Amino acid sequence: MAKTRVAMTMALLCAGLLGACGSDDPTDSETTGDDTTTGSETTDESAHPGDNSDNDTDGTDSDGRDTDGTGGDGPDSEGAGSDGGDRSGEDATPDEDDVSTGSEEQDQGEGGARVTGPASFSAPTMPGDMTIEVDVPDGWEAFGVEEAFTDYDLVTLEAGDIEGDDFRTIVVTDQNLGIDAQGVYDVMFETYATDEDFSEVTQLDPADIDGSEFHGLEAVATMSSGQSRVQYWFGDVGESVLGIYVYSAGTEQIPDEMNDIRDSIVFVPAQ
């Protein structure tokens with residue numbers, strides 16, 4: 001149950017985007033696009049969307065994309081994972097023996113080693129043409145795909161008690177769905193504006209993040225464990241469409257500190 005609150009929110013987001021967005025392959029009219037993430041997977045209150053496996057079973061293609069309109073790697077309301085296994089009682093928290101956490105004393109992380117702020121952290125985009133760099137404030141931790149719940153969560157920052165009302169997270173994800181950032185935003189806004197689990201869905205003014213324009217929306221997400229204030233930002237960066245998911249437990253406005261972290265993200269061409 002450790003990540004129930006944030007996991008339920010992110011599962012709703014993942015399901016909506018998978019169901020609404022078309023494939024990046026124009027010849028396949030039934031695909032719904034690459035598996036997307038929202039920064040966290042589900043626990044025993046919702047299914048685990050699964051990682052970017054090589055399974056090629058009914059309903060997905062060889063890249064794990066959904067081909068039958070059911071969401072592929074997305075949440076399964078019956079509790080079964082995308083690989084057919086029952087994950088309904090599985091704890092989504094990685095075992096500390098199975099992940100690389102790096103040194104708690106280091107002040108710089110690269111490519112996934114967990115760092116504790118104040119520190120800096122960097123990770124490459126999936127095409128590898130850009131590097132994402134972020135300053136990690138005091139009281140926050142950051143890690144990359146090695147400790148993330150899917151292969152699309154490139155950078156994750158967390159603060160607060162993950163089961164408490166002060167939990168906050170910012171996740172930079174890959175959103176390559178074969179359409180540009182404006183298209184991804186349009187799909188997301190339409191989806192959540194009509195989703196009963198989301199209220200106060202509002203278009204935000206575009207944000208300039210290191211010279212790239214990001215299109216954003218804000219909403220209050222409701223789940224069994226409570227409500228949360230969320231923002232979703234999408235921008236074209238190099239060869240990628242990146243998403244920045246901002247999550248804060250409760251319904252209060254997103255703290256200024258989180259906006260500052262978002263705005264301080266830097267995209268550097270790979271050497």
Side-chain angles (χ1 to χ4, degrees), residues 3 5-7 9-10 13 37-40 101-102 104 106-125 130-150 152-162 164-175 181 185 188 202 204-221 228-238 240-268:
K3 290 185 178 287
R5 184 193 302 273
V6 66
T9 301
M10 299 311 183
L13 301 173
T37 72
T38 54
S40 178
T101 60
E104 295 184 356
Q106 65 190 32
D107 58 5
Q108 183 173 7
E110 183 174 357
R114 180 181 289 264
V115 301
T116 299
S120 60
F121 185 87
S122 65
T125 58
M130 304 290 283
T131 297
I132 303 163
E133 297 183 352
V134 60
D135 290 330
V136 185
D138 187 26
W140 288 71
E141 291 188 324
F143 53 88
V145 295
E146 286 79 358
E147 295 189 52
F149 289 102
T150 80
Y152 303 97
D153 298 341
L154 306 175
V155 176
T156 300
L157 297 98
E158 293 182 346
D161 181 355
I162 203 166
D165 293 335
D166 63 340
F167 182 66
R168 292 151 288 155
T169 187
I170 299 173
V171 184
V172 184
T173 74
D174 181 88
Q175 296 290 333
Y185 167 83
M188 290 288 281
T202 305
L204 300 172
D205 291 335
D208 184 297
I209 302 177
D210 195 31
S212 296
E213 183 177 63
F214 276 71
H215 309 278
L217 65 91
E218 180 174 286
V220 173
S228 60
R229 177 77 60 176
V230 292
Q231 291 183 354
Y232 311 110
W233 298 90
F234 304 95
D236 298 302
V237 179
S240 301
V241 174
L242 296 182
I244 301 177
Y245 294 165
V246 180
Y247 166 94
S248 180
T251 60
E252 297 298 322
Q253 294 300 310
I254 298 294
D256 290 340
E257 180 186 37
M258 300 186 75
N259 295 327
D260 292 341
I261 295 172
R262 179 203 66 196
D263 292 342
S264 70
I265 295 173
V266 175
F267 309 110
V268 180

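Because the structure is a prediction, the values reported are computed rather than measured.
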Rounded distance (nearest 0.5 Å) linking atom [atom1] of [X] with atom [atom2] of [Y]:
X: Tyr185; Y: Leu204; atom1: OH; atom2: CG; value: 7.0 Å
X: Ile261; Y: Ile170; atom1: CD1; atom2: CD1; value: 4.0 Å
X: Ser122; Y: Asp135; atom1: OG; atom2: CG; value: 11.0 Å
X: Asp165; Y: Glu252; atom1: CG; atom2: CD; value: 11.0 Å
X: Ile265; Y: Asp260; atom1: CD1; atom2: CG; value: 11.5 Å
X: Glu158; Y: Tyr247; atom1: CD; atom2: OH; value: 10.5 Å

Please report the shortest heavy-atom distance between [X] and [Y], naming the atom on each side.
X: Gly139; Y: Ala159; answer: O-CB, 3.6 Å
X: Ala207; Y: Trp233; answer: CB-CZ3, 3.6 Å
X: Ala249; Y: Gly164; answer: CB-O, 4.0 Å

Taking the side chain as C-beta and beyond, is there a heavy-atom pair between [X] and [Y] under 4.5 Å?
X: Leu217; Y: Gln231; result: no
X: Phe121; Y: Ile132; result: no
X: Met258; Y: Ser248; result: yes
X: Val155; Y: Val134; result: yes
X: Ser240; Y: Asp174; result: yes
X: Leu242; Y: Phe234; result: no

Listed by chain and number, what are the side-chain contact (heavy atoms from CB on, under 4.5 Å) partners of [X], not counting sequence neighbours?
X: Asp210; value: Val266, Phe267
X: Thr202; value: none
X: Asp208; value: none
X: Asp236; value: Asp180, Ala181, Val241

Partners of [X] by side-chain hydrogen bond (donor to acceptor under 3.5 Å, both in side chains), sequence neighbours excluded?
X: Thr125; result: Asp129
X: Arg262; result: none
X: Glu257; result: Trp140, Arg168

Legend entry - Between Tyr232 and Tyr245, ring centroids under 6.0 Å: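 Between Tyr232 and Tyr245, the centre distance is under 6.0 Å.
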Inset, instruction - State which residues pass salt bridge (Lys or Arg N to Asp or Glu O under 4.0 Å) with Glu218; sequence neighbours excluded, sorted by chain then number. - result: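 If we apply the salt bridge (Lys or Arg N to Asp or Glu O under 4.0 Å) test to Glu218, skipping adjacent residues, the hits are Arg229.
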Inset, instruction - With side-chain contact (heavy atoms from CB on, under 4.5 Å) as the test, would you mind laying out the steps for Ile209 and Ile244 before giving the verdict? - result: CA-CA 10 Å; Ile209 302 177; Ile244 301 177; 3.7 Å; yes
Inset, instruction - Would you tell me whether Gln175 and Thr173 have side-chain atoms, one donor and one acceptor, within less than 3.5 Å of each other? - result: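 The criterion, which ignores hydrogens and geometry beyond distance, is satisfied for Thr173 and Gln175.
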Legend entry - Check: Asp161 main-chain N/O paired with Asp166 side-chain donor or acceptor under 3.5 Å: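 Yes.
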Legend entry - Under 3.5 Å donor-acceptor, Thr169 side chain and Leu157 backbone: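 Yes.
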